[in-house]
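Structure first, then comments.
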2 protein chains.
Amino acid sequence: MTDKIDNKLVQGKHNHHRCIDHALQVAEQVCLKKKLRLTKIRRQVLQLICENHKAVGAYELLDLFREFDPNAKPVTIYRSLDFLMDIGLVHKIESQNAFIACLQAEKQHKSVILICGQCKNAFEIDATAVYENLFALSKQAQFEPQYLTLELHGLCVNCQKV
Amino acid sequence: MTDKIDNKLVQGKHNHHRCIDHALQVAEQVCLKKKLRLTKIRRQVLQLICENHKAVGAYELLDLFREFDPNAKPVTIYRSLDFLMDIGLVHKIESQNAFIACLQAEKQHKSVILICGQCKNAFEIDATAVYENLFALSKQAQFEPQYLTLELHGLCVNCQKV
DNA sequence: CTTTAAAATGTAATATTATAACATTTCATT
DNA sequence: AATGAAATGTTATAATATTACATTTTAAAG
Ligand SMILES: [Zn+2]
Ligand SMILES: [Zn+2]
Ligand SMILES: [Zn+2]
Ligand SMILES: [Zn+2]
């Protein structure tokens with residue numbers, strides 16, 4: 001399984017095993033704390049999402065998952081995604097119908113997802129100030145803000161040259 | 001056709017005929033300027049989107065459109081939506097797979113869409129500062145920003161009470 | 001006024017994304 | 001061991017969107 005990881009594909013050079021391990025450890029912690037069950041299926045789905053930093057579609061994930069269970073059905077993936085999203089371990093990229101693992105699920109965060117249109121890598125950076133700004137703006141318009149969809153499309157540093 | 005408009009449904013009280021007329025006039029102007037063809041079908045689709053300020057799905061739109069042409073197919077709607085979105089007359093709300101008419105298509109604008117989770121009304125307010133902030137932030141992360149998906153979910157003023 | 005080529009539309013089929021409904025199994029607790 | 005809630009299995013289907021190719025409409029040229 002680990003030999004599928006292709007470090008050339010991820011944003012910047014880094015030991016990607018650490019990302020996966022960290023994400024899985026955080027997942028354990030979060031579930032322990034909330035008394036939720038990180039079952040085998042859920043862990044496998046999370047692991048697959050973590051295999052690179054690209055946004056991954058549910059059916060793409062299903063194909064990958066079928067190496068664990070050839071008979072897996074869409075609903076299995078969607079159920080796991082729902083579970084993982086509910087507890088903040090996975091984010092949905094609405095503009096792509098795709099999913100990424102959150103790399104900072106252990107702490108509360110208000111972030112923008114930067115999505116490279118070329119390589120599809122997606123990563124989060126803090127945008128707390130932006131949230132505050134927008135919430136304030138919307139309140140001025142007598143709107144009661146609840147949650148924000150914030151996705152910035154562009155080119156990552158690796159894809160800008162040429 | 002006009003007697004379908006229900007002003008109780010729209011954000012605040014206003015003469016909704018003006019919204020439709022304005023949107024259609026702007027559409028004419030934009031197409032004239034860009035030498036594009038605002039065909040009957042495209043105008044009808046835009047008109048239907050304008051009939052209220054709610055986000056409307058493509059198939060919902062198709063149902064409405066079938067009062068013009070009972071044999072209309074999904075692709076007709078999607079083609080018109082693509083055309084209207086390309087020239088900024090319509091925006092897609094990614095988090096809802098739904099569409100709204102832009103009320104300020106005549107001028108360049110950087111806005112956030114405020115979406116009421118209760119009544120589904122959606123309207124835009126200016127967010128130029130937020131764009132600049134985010135673009136600057138992302139550049140610091142060596143990301144080249146291109147376009148932003150910015151959708152704020154919450155409750156509109158009419159839906160906050162009780 | 002024809003010819004022509006591009007744009008728009010018609011038509012059918014299909015791809016992609018996501019959920020509903022109900023049966024069965026697993027698991028923690030009693 | 002009994003119990004009930006949570007998770008999973010299984011089947012079907014809903015909802016959203018696109019592809020491919022035929023035909024018609026339109027604007028512009030000759
Ligand atoms: Zn996150
Ligand atoms: Zn890239
Ligand atoms: Zn707009
Ligand atoms: Zn409302």
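Below, chains carry the letters A, B, ... as their sequence lines are ordered, and counting in each starts from 1. Reckoned from all heavy atoms, side chains included, excluding hydrogens, waters and symmetry mates. Keep in mind that this is a model prediction, so the values were computed, not measured.
For the pair D63(B) CG and dA15(D) C1', the interatomic distance rounds to 12 Å; values are reported in whole Å. Computed from coordinates, the L84(B) CG to dA8(C) P distance equals 12 Å when rounded to whole Å. Across the protein-nucleic acid pair, F65(A) atom CZ and dT8(D) atom C1' stand 10 Å apart, rounded to whole Å. Computed from coordinates, the I77(B) CD1 to dG10(C) P distance equals 11 Å when rounded to whole Å. In this entry the distance linking CZ of R79(A) with P of dG9(D) reads 8 Å, nearest Å. One interatomic measurement links the two molecules: CE of M85(B) to C1' of dT18(D), which rounds to 13 Å at whole-angstrom precision.
Under the 4.5 Å side-chain heavy-atom criterion for grouping Ile, Leu, Val, Met, Phe, Trp and Tyr, F83(A) is connected to V45(A) within one hydrophobic cluster.
You'll find the ring centres of H22(B) and H17(B) outside the 6.0 Å limit.
Residues passing the salt bridge (charged side-chain N to carboxylate O under 4.0 Å, His left out) test with R43(A) are E28(A), sequence neighbours excluded. The side-chain contact (heavy atoms from CB on, under 4.5 Å) check on C102(B) picks up H91(B), Q104(B), A105(B), H109(B), E124(B), with sequence neighbours excluded.
Sorted by first then second residue, the side-chain hydrogen bond (donor to acceptor under 3.5 Å, both in side chains) pairs that include residues 75-88 of chain B, not counting sequence neighbours, number zero.
Side chain of R66(A) to backbone of A72(A): a donor-acceptor contact under 3.5 angstrom is found. Judged by distance alone, with hydrogens and angles left aside, the side-chain atoms of K73(A) form a donor-acceptor pair with the main-chain N or O of N71(A) at under 3.5 Å.
Shown for residues 29-44 of chain B: residues whose heavy atoms fall under 4.0 angstrom of DNA chain C, namely R37(B), T39(B), I41(B), R42(B).
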Per-nucleotide protein contact string for nucleotides 13-19 of chain C, where B marks a base within reach and S marks sugar-phosphate only (heavy atoms under 4.0 Å, - for neither): ----BBB
Between side-chain atoms of residues 144-156 of chain B and protein atoms elsewhere (two or more places apart, or another chain), which donor-acceptor pairs fall under 3.5 Å?
{"unit_1": "Y147(B)", "atom_1": "OH", "unit_2": "H153(A)", "atom_2": "ND1", "d": "3.4"}
{"unit_1": "E151(B)", "atom_1": "OE1", "unit_2": "S95(B)", "atom_2": "N", "d": "3.0"}
{"unit_1": "E151(B)", "atom_1": "OE1", "unit_2": "S95(B)", "atom_2": "OG", "d": "2.5"}
{"unit_1": "E151(B)", "atom_1": "OE2", "unit_2": "E94(B)", "atom_2": "N", "d": "2.7"}
{"unit_1": "H153(B)", "atom_1": "ND1", "unit_2": "Y147(A)", "atom_2": "OH", "d": "3.4"}
{"unit_1": "H153(B)", "atom_1": "NE2", "unit_2": "S95(B)", "atom_2": "OG", "d": "2.9"}

